[in-house]
Amino acid sequence: MNRKGKQAAKEKASTRQLMNIIDITDYSLVTSHGRLVFFVIKPTNISVLSDASVGARIYALMNVLKGIAEIEMLCLNSRENFEDNKGFLRRRTDAEQNPVIRKLLQQDAANLDRMQVQMATAREFLIVIRLRDEKETDVLPYLSRIEKSLKDQGFTARRANETDIKRLLGVYYEQNVTTEQYEDFDGERWVILGE
């Protein structure tokens with residue numbers, strides 16, 4: 001296929017094809033490189049823990065990691081980033097001559113700082129298991145053992161479902177943290193059946 005033909009084929013490819021996603025099941029993301037299963041781990045606020053407690057958390061994570069060969073880790077910053085807005089407000093404040101407007105701009109910047117601090121705990125930590133040639137009958141017991149291992153080491157964890165996986169993809173690829181329900185196909189909400 002020539003270059004124009006390849007480009008035309010890419011333009012007609014769906015988002016899922018471009019992302020190499022074959023299917024999203026109720027517990028996994030199916031790709032040509034295996035099935036990905038995600039475990040969502042609730043983050044621990046380590047800023048309030050002692051050094052010994054942080055060390056214990058690291059040791060617990062090492063125990064989980066050394067027991068699972070197929071494990072991968074992912075951290076998503078699923079919060080809004082206000083750095084561009086804050087930069088704009090700083091530049092605008094520096095250029096503003098009116099003291100009243102300048103004070104309002106400073107208050108807006110302080111409000112963005114407060115919002116960002118409140119949302120800082122919205123980060124998500126994920127353990128990713130890549131399944132390749134496992135028998136279907138062995139998969140769920142294997143995943144249950146991994147979930148139990150995480151919980152036994154003191155982590156608050158759960159296996160991600162289909163809705164979680166769509167949200168994770170939205171955050172990872174699009175930095176979309178505001179959508180409440182993700183469509184299976186772009187524009188699906190606008191399709192009227194029967195017409």
Side-chain angles (χ1 to χ4, degrees), residues 19 26-29 31 33-91 93-94 105-132 134 138-180 182:
M19 293 168 41
D26 59 345
Y27 69 93
S28 67
L29 182 64
T31 73
H33 300 291
R35 185 183 320 177
L36 302 176
V37 179
F38 299 88
F39 289 90
V40 181
I41 300 178
K42 186 175 180 185
T44 303
N45 186 354
I46 61 172
S47 65
V48 297
L49 297 179
S50 67
D51 289 345
S53 295
V54 171
R57 301 302 293 154
I58 292 169
Y59 184 74
L61 183 59
M62 282 178 15
N63 283 334
V64 172
L65 295 177
K66 70 181 180 184
I68 307 165
E70 302 82 8
I71 204 165
E72 299 172 31
M73 296 188 74
L74 179 64
C75 177
L76 294 180
N77 201 7
S78 60
R79 65 178 174 86
E80 294 289 342
N81 186 336
F82 300 116
E83 291 308 313
D84 289 342
N85 292 0
K86 290 191 303 188
F88 169 77
L89 288 173
R90 276 192 297 275
R91 289 188 301 277
T93 301
D94 292 343
L105 290 167
Q106 290 168 342
Q107 289 173 346
D108 281 347
N111 185 45
L112 286 179
D113 282 335
R114 275 192 301 279
M115 286 171 52
Q116 193 159 9
V117 166
Q118 290 170 350
M119 298 172 71
T121 58
R123 291 184 180 96
E124 289 186 289
F125 297 92
L126 302 138
I127 298 258
V128 186
I129 305 297
R130 188 179 300 269
L131 305 172
R132 296 190 191 273
E134 288 78 359
D138 296 338
V139 169
L140 291 179
Y142 175 61
L143 296 176
S144 294
R145 282 194 305 275
I146 293 171
E147 191 168 358
K148 183 179 181 325
S149 173
L150 287 166
K151 289 180 179 178
D152 287 349
Q153 293 298 327
F155 293 100
T156 305
R158 65 179 176 77
R159 192 170 45 219
N161 60 29
E162 181 180 2
T163 303
D164 292 324
I165 294 169
K166 288 178 184 177
R167 184 179 48 77
L168 295 171
L169 291 171
V171 171
Y172 186 80
Y173 284 105
E174 194 180 323
Q175 293 299 305
N176 182 346
V177 296
T178 57
T179 299
E180 291 182 19
Y182 288 92

Rounded to the nearest 0.5 Å, what separates atom CD1 in Ile146 from atom NZ in Lys151? 13.0 Å
Arg159 versus Ile129: any side-chain heavy-atom pair under 4.5 Å? no
Taking all heavy atoms of His33 and all of Arg132, pick out the closest pair and write down the distance. O-NH1, 2.9 Å
Non-neighbouring partners of Ser144 that pass side-chain hydrogen bond (donor to acceptor under 3.5 Å, both in side chains), sequence neighbours left out: none
So with a 6.0 Å cut-off around CG of Asp94, is the heavy-atom count from everything else above 12? yes
So how far is it from Asp152 CG to Asn63 CG, rounded to the nearest 0.5 Å? 11.0 Å
Which heavy atom of Asp138 sits nearest to which heavy atom of Pro141, and what is that distance? O-CD, 3.5 Å
The criterion is side-chain hydrogen bond (donor to acceptor under 3.5 Å, both in side chains); which residues satisfy it with Arg35, sequence neighbours excluded? Tyr27, Glu136
What is the minimum heavy-atom distance between Glu147 and Phe39, and which atoms define it? CB-CE2, 3.7 Å
Rounded to the nearest 0.5 Å, how far does CE of Met73 lie from CD1 of Ile127? 4.5 Å
Spacing of Ile165 atom CD1 and Glu162 atom CD [to the nearest 0.5 Å]: 7.5 Å
Could you grab the distance from atom CD of Gln153 to atom NZ of Lys148, nearest 0.5 Å is fine? 10.0 Å
Is there a donor-acceptor pair under 3.5 Å between the side chain of Asp164 and the backbone N or O of Asn161? yes
Closest non-hydrogen atom pair between Val40 and Ala160, with its separation: CG2-CB, 4.0 Å
So, for Ser28 and Val37, which heavy atoms are closest and what is the spacing to 0.1 Å? CB-CG2, 4.0 Å
Gap separating the CG atom of Leu29 from the CZ atom of Arg130, nearest 0.5 angstrom: 9.5 Å
